[in-house]
Amino acid sequence: MALKSFIEVHPDSHFPIQNLPYGVFMTAPDLLPRPGVAIGEYVLDLSEIASAGLFDGPLLKNSDCFNQPNLNKFLSLGRPAWKEARATLQKLLSSAEPALRDNEALRSKSLIPLKKAAMVLPVAIHDYTDFFSSMYHAKNCGTIFRGPENPIVPNWFHLPIAYHGRASSIVISGTDIVRPRGQSKPVGDSSPQFGPSAKLDFELEMAAVVGTGNLLGNPVDINEAEDHIFGLVLMNDWSARDIQAWEYVPLGPFLGKSFGTTVSPWIVTLDALEPFKCDAPKQDPPPLPYLSEKASKNYDISLEVQIRPAGEQDAYVVTRSNFKHLYWTLPQQLAHHTVNGCNLQPGDLLGTGTISGPEPESLGCLLELTWNGQNPLELCTGIHRKFLEDGDEVVFTGQCKGDGYTVGFGTCAGKIVPSPP
Ligand SMILES: O=C(O)/C=C/C(=O)CC(=O)CC(=O)O
Ligand SMILES: [Ca+2]
Ligand SMILES: [Mg+2]
C-alpha cells in the first residue's frame with residue numbers, strides 16, 4: 001500500500017510524505033531560523049522533533065544538527081544520516097504512527113502552516129559554480145554569441161564546462177532583483193556605453209546542493225560522486241545579456257551574472273527523486289575514464305517558467321523543459337569539479353546551467369526564446385517581451401509525477417525592480 005501521512009495532502013501538492021524536502025524557516029515574533037521539512041500545507045519544525053527526542057536512530061540521537069540556523073551540519077553528516085532522518089520522519093508522519101499524530105501539544109508546536117513561515121536560505125553557501133550542461137543551450141548561445149559556423153566549442157563534448165559564480169548574491173525565492181547597470185557595446189557602435197541593462201534575462205536552471213565535501217587534493221571518484229549530493233533546488237541565474245556579451249571574452253561571465261541568483265527554498269533530496277531516475281543521453285564521444293559512469297542517469301523533472309507582468313493578475317507560461325535533457329550528469333559535474341583536487345564543502349551550490357530542451361517551446365531563457373530580441377515573444381494579446389521589463393515577476397516550478405502523488409520543488413520567483421537612479 002502507498003505510504004500515507006496522517007496529515008491530509010492533496011494529490012497535486014508538491015509536498016507529500018514521499019517528498020519531505022528540507023528548508024530553513026522563521027516565524028514571528030522571534031524570527032529564529034530553524035530547519036524544517038514541508039508536508040502538505042505545513043512545515044514540520046525539526047528543532048522541536050529533535051527536542052522531543054524523536055530522532056532516536058543511532059546517528060542522529062545525540063546530534064544538535066537540527067538546532068542550527070542552516071542545514072550545513074546535517075549535510076556534513078553524510079548519506080547514512082540523511083537516510084536515517086528520512087526513515088524517522090516518514091515513520092513519524094505516517095497515518096499508522098501515533099507518536100506525533102496523537103500528541104496534541106507536540107503537534108501544535110511543531111506543525112506550522114506554510115503561510116506563516118518565512119523561508120530563508122537553507123544552507124550557508126561558501127562557493128557557487130555554474131555549469132553549462134545542456135547541449136541545446138550551448139548550441140543556441142554559441143550561434144547567437146559566436147555565429148553558426150562552430151556553435152559548440154570543441155572542448156564542450158569532452159568536459160562539463162563551468163565558471164565560478166558569486167555566492168554572496170544568491171538570494172531566496174521572493175527577493176526582488178535590482179536591474180543591474182554596466183557596460184555594453186551595441187553592435188556597430190565603436191565605443192562602449194554605460195547604463196541599466198537593456199537585455200535582462202532569466203536562466204532556467206536547477207542546482208545540486210553539496211552534502212559531504214572532499215579534502216583538498218582528494219578528488220571524488222565518479223562512481224561515488226552521487227553520495228556527495230544532498231539534493232536539488234530550482235535556480236534562476238539572472239543574466240544581463242548586453243553586459244555579458246561585452247565582458248565575457250576571455251575569462252567568462254562576471255558582472256553580467258553576479259548581481260543576483262535566486263534559489264527555491266526547499267531542497268528535494270536525491271532519495272526522494274530516486275523513483276524518477278531515467279537514462280541520461282548517450283555521450284558521443286565517450287568521456288575520459290574519470291568521467292565514465294557505471295550507470296549514467298538523469299531525473300525526469302518537468303520544469304516550467306511563467307512571467308507575470310507588472311499589474312497583471314495572470315502569469316503566462318513562456319517555456320516548458322525537463323531536467324532529463326541535460327547532457328552532463330550531476331555526478332560528472334561533481335567529479336570533474338574535484339578532479340584537480342579542488343575541495344567542495346557542505347552547502348556548496350553547483351548550478352546545472354540553463355536547461356533548454358530540443359523544442360522551440362522548451363528553451364530555457366529569453367536569449368534563446370526571442371533569438372537575442374529579434375523575435376519578441378507574445379505573452380498574451382498585446383503584451384510582448386524581447387527581454388525582461390521592470391515589474392516583471394519570473395516564476396519557475398518543477399515537479400515529478402508519481403503514481404497518485406507529486407514530488408515537487410515549489411516555486412522559485414523573483415521580480416525585477418528598476419536600477420537605482
Ligand atoms: O555561450 C556562452 O558564451 C555563454 C552562455 C551562458 O550564458 C553561460 C551560462 O551561464 C551557463 C548556462 O547557464 O548554461
Ligand atoms: Ca547560467
Ligand atoms: Mg547569477
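Both counts, for ligands and for their atoms, begin at 1 and track the order of listing.
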Checking the side chain of [X] only, and the main-chain atoms of [Y] only, is there a donor and an acceptor separated by less than 3.5 Å?
| X | Y | answer |
| --- | --- | --- |
| Asp348 | Tyr128 | no |
| Ser419 | Arg179 | yes |
| Thr143 | Pro148 | no |
| Ser173 | Ala413 | yes |

Determine the interplanar angle of the Phe66 and Phe74 rings, folded into 0 to 90°, and report it as parallel if under 30°, tilted if 30 to 60°, perpendicular if over 60°.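 Taking Phe74 first and then Phe66, their aromatic rings sit tilted (interplane angle of 30° to 60°).
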Parallel, tilted or perpendicular: ring planes of Phe230 versus Trp82, cut at 30 and 60 degrees: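 Perpendicular: the ring planes of Phe230 and Trp82 meet at over 60°.
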So if I count the atoms of ligand 1 from 1 in the order they appear, which ones are less than 4.0 Å from some heavy atom of [X]?
| X | result |
| --- | --- |
| Gln244 | 4 (C), 5 (C), 6 (C), 7 (O) |
| Arg146 | 1 (O), 2 (C), 3 (O) |
| Phe145 | 2 (C), 3 (O) |
| Glu205 | 13 (O) |
| Phe131 | 11 (C), 12 (C), 14 (O) |
| His137 | 6 (C), 12 (C), 13 (O), 14 (O) |
| Arg241 | 7 (O) |
| Gly353 | 12 (C), 13 (O), 14 (O) |

Starting from atom 10 (O) of ligand 1, locate the nearest protein heavy atom and write down its residue, its atom name and how far away it is, to 0.1 Å.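 Nearest protein contact, heavy atoms only, for atom 10 (O) of ligand 1 is Lys257 NZ, 2.7 Å.
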Give me the nearest non-hydrogen protein atom to atom 12 (C) of ligand 1 as residue plus atom name, then the distance to 0.1 Å. Thr354 N, 3.3 Å
Looking only at heavy atoms, is any part of Asp130 under 4.0 Å from ligand 1, and if so is it the side chain, the backbone, or both, or is it neither?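 For Asp130, the contact with ligand 1 is made by the side chain alone.
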Between Tyr248 and ligand 1, find which residue part has any heavy-atom pair under 4.0 Å and reply side chain, backbone, both or neither.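 Within the 4.0 Å criterion, Tyr248 contacts ligand 1 through side-chain atoms alone.
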Nearest 10° is fine: what angle sits at the Ca ion (ligand 2) between OE2 from Glu205 and OD2 from Asp130?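 Reported to 10°, the angle equals 90°.
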Which value, rounded to 10°, describes the OD2(Asp237)-the Ca ion (ligand 2)-OE1(Glu203) angle?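 OD2 of Asp237 and OE1 of Glu203 make an angle of 80° at the Ca ion (ligand 2), to the nearest 10°.
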Run the numbers on Phe15 and Val9 for side chain to side chain contact (heavy atoms under 4.5 Å, CB included), then give the verdict. CA-CA 8 Å; Phe15 307 133; Val9 179; 5.9 Å; no
Verdict with supporting geometry, Ser197 and Asp242, side chain to side chain donor-acceptor pair (under 3.5 Å): CA-CA 7 Å; Ser197 169; Asp242 41 3; 2.8 Å; yes
Step by step, would you call Arg34 with Thr27 a side chain to side chain donor-acceptor pair (under 3.5 Å)? CA-CA 9 Å; Arg34 54 214 197 264; Thr27 45; 3.0 Å; yes
